[in-house]
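What you see is a predicted model; the values in this text were computed from it and never measured.
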Amino acid sequence: MECSLMHEYSLIKNIIDVVERVKKDQGNREVTGITVELSEFGALNEEHFRFHFNEAIKNTPWEGLQLEIVRVSFGIDAKLTHVSFNEKF
């Protein structure tokens, strides 16, 4: 089980790192949400990923970030596909 948790933590940390870089590249605009693709044949299910994502961002500047999950037939376990920004900038 611990190995599985490390896998989720690593994926989520990498996703947040990319979101932070995108935010910086966009002039530090407020990020309101992200879209992540999860593979149907990967090791992650939506509920499990969402739970660990919300735990990982709790008590951080990212708390409250909206997570949209799209299931895809093939692909890597988790892939960041979209970052949404607050339109009021």
* side chain to side chain contact (heavy atoms under 4.5 Å, CB included) evaluation trace for Ile34 with Val36 -> CA-CA 7 Å; Ile34 62 172; Val36 173; 4.0 Å; yes

* **Phe53 to Ile12 - nearest heavy-atom pair and separation** => N-CD1, 3.4 Å

* To do: Go through the steps for Leu11 and Leu44 under the test side chain to side chain contact (heavy atoms under 4.5 Å, CB included), then give the verdict.
  => CA-CA 11 Å; Leu11 287 172; Leu44 304 172; 3.5 Å; yes

* Report the residues that fulfil side-chain contact (heavy atoms from CB on, under 4.5 Å) with Asp17, sequence neighbours left out, ordered by chain and then residue number. => Lys13, Asn14, Glu20, Arg21

* **Non-hydrogen atoms of Phe49 and Ala78 that approach each other most closely** => CE1-CB, 4.2 Å

* To do: Output yes when Lys58 and Glu55 qualify as a salt bridge under the 4.0 Å nitrogen-oxygen rule, no when they do not.
  => yes

* To do: Carefully, step by step, assess Phe85 and Val22 under the rule side chain to side chain contact (heavy atoms under 4.5 Å, CB included).
  => CA-CA 10 Å; Phe85 294 95; Val22 170; 3.7 Å; yes

* Glu46 versus Leu38, closest heavy-atom pair with distance -> CA-CD1, 3.9 Å

* Asked: Side-chain contact, heavy-atom cut-off 4.5 Å: Leu80 with Val19?
  -> yes

* Stepwise, does the side chain to side chain contact (heavy atoms under 4.5 Å, CB included) test hold for Gln26 with Lys23? -> CA-CA 5 Å; Gln26 293 295 316; Lys23 177 181 178 174; 5.9 Å; no

* Enter the distance from Arg29:CZ to Ser84:OG here, rounded to the nearest 0.5 Å. => 10.0 Å

* According to a 4.5 Å side-chain heavy-atom criterion applied to Ile, Leu, Val, Met, Phe, Trp and Tyr, with indirect links allowed, do Val72 and Leu67 form part of one hydrophobic cluster? -> no

* Look only at the side chain of Glu68 and the backbone of Gln66, and say whether a donor-acceptor pair between them is shorter than 3.5 Å. => no

* To do: Kindly give the heavy-atom pair with the smallest separation between Glu40 and Arg71, and that separation in Å.
  => OE2-CB, 2.9 Å

* For the residue pair His48 and His52, categorise the inter-ring angle as parallel (less than 30°), tilted (30 to 60°) or perpendicular (more than 60°). => perpendicular

* **Hydrophobic cluster identity match, Trp62 and Val18, side-chain contacts under 4.5 Å** => yes

* Taking everything shown except Glu63 itself, do over 12 heavy atoms lie less than 6.0 Å from its CD? -> yes

* Which atom of Ser73 lies closest to which atom of Ser39, heavy atoms considered -> O-OG, 4.0 Å

